[in-house]
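Structure first, commentary second.
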2 protein chains.
Amino acid sequence: MRKSKRARLEAAGWAVGSVKEFLRLSEADAILIEMKLALSRSLRDRRKKQGLSQVQLAERLQSSQSRVAKMEAGDPSVSMDLLVSSLLLLGASPADLANAIRGGEKKTGPRAA
Amino acid sequence: MRKSKRARLEAAGWAVGSVKEFLRLSEADAILIEMKLALSRSLRDRRKKQGLSQVQLAERLQSSQSRVAKMEAGDPSVSMDLLVSSLLLLGASPADLANAIRGGEKKTGPRAA
DNA sequence: TGACGCCATGTCAGATATGACATATGATCC
DNA sequence: GGATCATATGTCATATCTGACATGGCGTCA
């Protein structure tokens with residue numbers, strides 16, 4: 001369901017478990033979104049670090065430039081699976097992903113750019 | 001595409017980038033699967049630790065017992081999004097997920113079970 | 001000015017994932 | 001034996017995601 005979850009709850013007239021449960025739900029949603037955004041940023045960083053254009057990356061992923069753009073933009077139509085497998089294809093390790101997920105911030109290049 | 005990726009490659013007669021690229025692809029696939037399995041195990045652990053049945057968890061997730069079973073079984077029809085959002089709903093933090101993703105092993109309870 | 005490369009956004013047909021349901025197995029209790 | 005609970009597995013209609021395509025904006029170069 002993904003994005004209809006909230007709607008379904010509301011439509012259900014609140015038989016869910018009330019406020020407490022709702023807070024858990026919305027917090028989980030928020031965290032999930034943040035995680036996806038962190039992966040998005042990570043993807044863009046990796047791509048740039050490898051000197052690739054979105055078109056070139058799309059070729060490697062067997063996808064399209066528009067989808068790459070959406071991935072990097074954190075578009076809601078992009079799944080975590082796609083983000084993760086793209087990152088893996090760019091050479092990211094599980095540890096790298098774990099890092100990205102945690103703080104979202106970088107860690108390798110100190111003096112940014 | 002998910003599972004048709006390999007097939008598409010083969011059908012394409014290998015215009016992809018050859019062996020090296022293929023290795024990257026299959027390795028990325030393998031890692032992705034391992035990550036999902038790690039999340040599956042993590043989900044089952046959390047559920048049991050909270051003394052919930054699959055049915056009870058399904059209610060919280062607004063899903064069904066069969067889907068929970070598939071999640072825990074590492075069924076290929078289960079997305080990472082679903083696994084992650086389920087874990088979050090069970091109270092897992094991003095740090096917890098990062099841990100699960102990395103080694104896959106546990107870390108809290110030393111004397112296992 | 002035009003041409004070109006890079007990225008963003010919208011749309012859509014086809015591919016996948018999802019919840020719901022049915023049904024099966026095993027364990028436990030009476 | 002039957003009844004009950006927890007879990008596994010298969011199917012299916014519908015919801016969601018995906019790649020492809022079109023298009024527009026923006027900067028650069030000649």
Side-chain angles (χ1 to χ4, degrees), chain A residues 1-9 11-12 15-16 25 28-29 32-33 36-37 39-41 43-89, chain B residues 1-9 11-12 15-16 25 28-29 32-33 36-37 39-41 43-89:
Chain A
M1 52 2 210
R2 197 99 343 164
K3 60 191 314 183
S4 62
K5 191 177 280 183
R6 183 77 50 89
R8 287 220 273 135
L9 284 182
V16 190
L25 263 180
D29 273 8
L32 183 64
I33 291 179
K36 286 212 205 176
L37 287 178
L39 293 175
S40 294
R41 289 189 290 268
L43 182 66
R44 186 185 290 261
D45 285 356
R46 271 191 182 268
R47 176 177 65 80
K48 297 216 160 176
K49 217 162 270 175
Q50 301 193 19
L52 298 172
S53 70
Q54 291 185 344
V55 172
Q56 290 173 312
L57 176 54
E59 284 167 7
R60 293 206 190 182
L61 298 177
Q62 305 209 113
S63 180
S64 58
Q65 178 268 328
S66 58
R67 190 125 303 267
V68 172
K70 287 180 220 291
M71 284 193 238
E72 294 185 352
D75 189 291
S77 83
V78 174
S79 74
M80 206 161 163
D81 295 68
L82 188 61
L83 285 168
V84 168
S85 56
S86 298
L87 279 164
L88 290 176
L89 225 49
Chain B
M1 58 350 218
R2 199 105 333 173
K3 60 192 313 184
S4 62
K5 192 177 281 184
R6 182 81 48 90
R8 287 219 272 135
L9 284 184
V16 190
L25 263 180
D29 273 8
L32 183 63
I33 291 180
K36 285 212 207 177
L37 287 178
L39 293 175
S40 294
R41 289 189 290 269
L43 181 66
R44 187 186 290 261
D45 285 357
R46 269 192 184 267
R47 177 176 64 81
K48 296 215 160 176
K49 217 162 270 175
Q50 301 192 18
L52 298 173
S53 69
Q54 291 184 345
V55 172
Q56 291 173 311
L57 177 53
E59 284 167 5
R60 292 205 191 183
L61 298 178
Q62 306 209 112
S63 179
S64 59
Q65 178 268 328
S66 58
R67 190 125 302 267
V68 172
K70 288 182 220 290
M71 283 193 236
E72 294 184 351
D75 189 290
S77 84
V78 174
S79 75
M80 207 162 161
D81 295 68
L82 188 60
L83 285 168
V84 168
S85 57
S86 298
L87 279 164
L88 290 176
L89 224 48

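- Comparing D/dG19, C/dT9, D/dG10 by their nearest atom to the side chain of B/K70 picks out D/dG10.
- Contact annotation: A/S63 does not reach the phosphate of D/dT18 (side-chain N/O to OP1 or OP2, under 4.0 Å).
- Within the 4.5 Å cutoff, no side-chain heavy atoms of B/K49 are placed close to those of B/R46.
- Each of A/K48 and B/M71 was assigned the nucleotide of DNA chain C with the nearest heavy atom; the assignment lying further toward the 5' end belongs to A/K48.
- One atom, CD of A/Q50, and another, P of C/dC6, lie 16 Å apart when rounded to the nearest Å.
- Between C/dA8, D/dA8, D/dG19, one nucleotide has an atom nearer to the side chain of B/R44 than all others, and that is D/dA8.
- The side chain of A/R67 approaches D/dT18 more closely than any other nucleotide in the set C/dC7, D/dT18, D/dG10.
- Nearest heavy atoms, B/S64 versus B/A58: C-CB, 3.4 Å.
- Of the side-chain N and O atoms in A/S66, none sit less than 4.0 angstrom from OP1 or OP2 of C/dT9.
- Of all nucleotides listed (C/dT18, D/dT7, D/dG10), D/dT7 comes nearest to the side chain of B/V55.
- Distance CG (A/L57) to C1' (D/dT18): 15 Å, rounded to an integer number of Å.
- If you measure from atom CG of B/L83 to atom P of C/dG19, you get 11 Å, rounded to the nearest angstrom.
- Nearest to the side chain of A/L82, among D/dG19, D/dT11, C/dT18, sits D/dG19.
- Listed nucleotides D/dA8, D/dT18, C/dG10 differ in distance to B/E72; the shortest reach to its side chain belongs to D/dA8.
- Residues B/R60 and B/Q50 have side chains in contact (heavy-atom distance under 4.5 Å, counting atoms from C-beta outward).
- The existence of a salt bridge linking B/D81 and A/K36 is confirmed by a sub-4.0 Å separation between a basic side-chain nitrogen and an acidic carboxylate oxygen.
- Using a 4.0 Å cut-off, some side-chain N or O of A/Q54 falls inside it from OP1 or OP2 of C/dA8.
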Next on the checklist: One pair to check against salt bridge (charged side-chain N to carboxylate O under 4.0 Å, His left out): A/R41 and A/E72. What are the steps and the verdict?
Outcome noted: CA-CA 6 Å; A/R41 289 189 290 268; A/E72 294 185 352; over 6 Å; no
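- As judged by a 4.0 angstrom heavy-atom cut-off over every strand, A/V68 is placed among residues making no nucleic acid contact.
- As rounded to whole Å, 9 Å separates atom C1' of C/dA17 from atom CG of A/D81.
- B/D75 has its CG atom 14 Å from the C1' atom of C/dG19, to the nearest Å.
- Annotation for A/L82 and A/S85: closest pair O-OG, 3.3 Å, computed over non-hydrogen atoms.
- Residue contacts shown for A/S53 are limited to sugar-phosphate atoms, with no base heavy atom under 4.0 Å away.
- Checking A/M80 against A/Q65, the closest nucleotide of DNA chain D that is more toward the 5' end is the one next to A/M80.
- To the nearest angstrom, P of C/dG5 lies 12 Å from CD of A/Q56.
- Rounded to whole Å, atom P of C/dG19 lies 14 Å from atom CD of B/E59.
- For A/L43 and C/dA8, the CG to C1' distance is 15 Å, given to the nearest whole Å.
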